A.B. asks: 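What follows is a structure written as structure tokens; I'll ask about it next.
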Amino acid sequence: MAQSVQILGTGQLIELQRRLRRAGHENIRSSMQRRIRRAAEPLRTDLQSTIRGLLIRSAGRGAGKRGGSSPTNRPLRATIAGAIRISVRTAGAPGARVWVDKGLLPPDLRNMAQVVNTGRIRHPVFGNRRRWATQTASPLWWDRTVSRHTSRMESEVARVVDDVRRHLE
């Protein structure tokens with residue numbers, strides 16, 4: 001799914017957050033949040049650079065076909081890259097989440113990260129709903145990037161949890 005990735009150790013994190021709240025260690029809690037965010041930042045950076053460098057190919061125009069420049073000046077890949085966010089929660093469902101903020105995307109591009117992740121982009125030609133074009137991209141760009149970072153992030157979050165637990169004891 002090209003929407004979000006979550007690294008959760010919910011059982012350990014919930015128990016740890018309760019202990020921190022009871023003990024009143026606000027500086028330890030903020031340090032824990034900062035370290036979990038730092039564990040997720042390389043993933044966000046890699047996702048942004050992957051989408052910015054993603055090659056999107058088209059079949060091109062046939063002989064004798066008309067064409068022209070794009071009707072928008074909006075760069076698709078940079079727009080999606082700018083909408084990739086990190087959120088860290090310590091209550092409820094604690095953990096780090098890397099996701100595409102659809103609120104930062106224009107209305108016509110809200111699902112584009114998922115569409116590009118499928119590897120096949122089908123769209124009307126210059127807004128003409130009677131004429132459609134298909135473009136291809138490297139499929140599963142989101143999923144492959146996330147899988148490269150998952151083990152590192154999980155071990156980093158486990159290390160943070162162990163450090164905080166040791167500090168509380």
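This one's a predicted model, so the numbers in the text were calculated from it and none came from an experiment.
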A.B. asks: Write down the atom of T79, the atom of P75, and the distance for their closest heavy-atom approach.
C.D. replies: OG1-O, 2.6 Å
A.B. asks: Could you state the interatomic distance from CZ (R85) to CG (D101), rounded to the nearest 0.5 Å?
C.D. replies: 6.0 Å
A.B. asks: Applying salt bridge (charged side-chain N to carboxylate O under 4.0 Å, His left out), can you list everything that pairs with R122, at least two apart in sequence or on another chain?
C.D. replies: none
A.B. asks: Any salt bridge between E41 and R38, counting N to O under 4.0 Å?
C.D. replies: no
A.B. asks: Mind checking the CG-CG spacing from L109 to L104? Nearest 0.5 Å is all I need.
C.D. replies: 12.0 Å
A.B. asks: So does N27 get a backbone contact from the side chain of S31, meaning a donor-acceptor N/O pair under 3.5 Å?
C.D. replies: no
A.B. asks: If I take atom CG from residue L140 and atom CG from residue N117, how far apart are they, to the nearest 0.5 angstrom?
C.D. replies: 5.5 Å
A.B. asks: With rounding to the nearest 0.5 angstrom, report the OG to CG distance, S138 to L54.
C.D. replies: 6.0 Å
A.B. asks: Which heavy atom of W132 sits nearest a heavy atom of V125, and at what distance?
C.D. replies: C-CG2, 3.8 Å
A.B. asks: According to side-chain hydrogen bond (donor to acceptor under 3.5 Å, both in side chains), who are the partners of Q48, at least two apart in sequence or on a separate chain?
C.D. replies: none
A.B. asks: Could you measure the distance from the CG atom of N111 to the NZ atom of K102? Nearest 0.5 Å is fine.
C.D. replies: 4.0 Å
A.B. asks: CZ of R97 to CD1 of I36: how many Å apart, nearest 0.5 Å?
C.D. replies: 15.5 Å
A.B. asks: Taking all atoms of both residues into account, what is the closest heavy-atom pair of R37 and S87, and its distance?
C.D. replies: NH2-CA, 4.4 Å
A.B. asks: Which pair of non-hydrogen atoms, one from T145 and one from L43, has the smallest distance, and what is that distance?
C.D. replies: O-CD1, 3.9 Å
A.B. asks: Indicate yes or no for a side-chain donor-acceptor contact from R110 to the backbone of L105 under 3.5 Å, with no hydrogens or angles considered.
C.D. replies: yes
A.B. asks: Looking at every non-hydrogen atom in both residues, tell me the closest pair between W141 and L47 and how far apart they are.
C.D. replies: CZ3-O, 3.8 Å
A.B. asks: Pair I56, R77 - check side-chain contact (heavy atoms from CB on, under 4.5 Å), show working.
C.D. replies: CA-CA 10 Å; I56 298 176; R77 292 168 286 200; 4.1 Å; yes
A.B. asks: Do the side chains of I121 and M112 get nearer than 4.5 Å, heavy atoms only?
C.D. replies: yes
A.B. asks: Counting N and O atoms only, with roles assigned by atom type, does the side chain of R131 sit under 3.5 Å from a partner on the main chain of F126, one being a donor and the other an acceptor?
C.D. replies: no
A.B. asks: Determine whether more than 12 heavy atoms belonging to other residues, nucleotides or ligands lie under 6.0 Å from atom CZ of R129.
C.D. replies: no
A.B. asks: Under the salt bridge (charged side-chain N to carboxylate O under 4.0 Å, His left out) rule, collect the residues that match up with D163, sequence neighbours excluded.
C.D. replies: R35, R166
A.B. asks: So which atom in P42 and which in R152 form the shortest heavy-atom distance, rounded to 0.1 Å?
C.D. replies: CB-NH2, 3.6 Å
A.B. asks: Out of R120, R57, H123, which one pairs with Q135 under the side chain to side chain donor-acceptor pair (under 3.5 Å) rule?
C.D. replies: H123
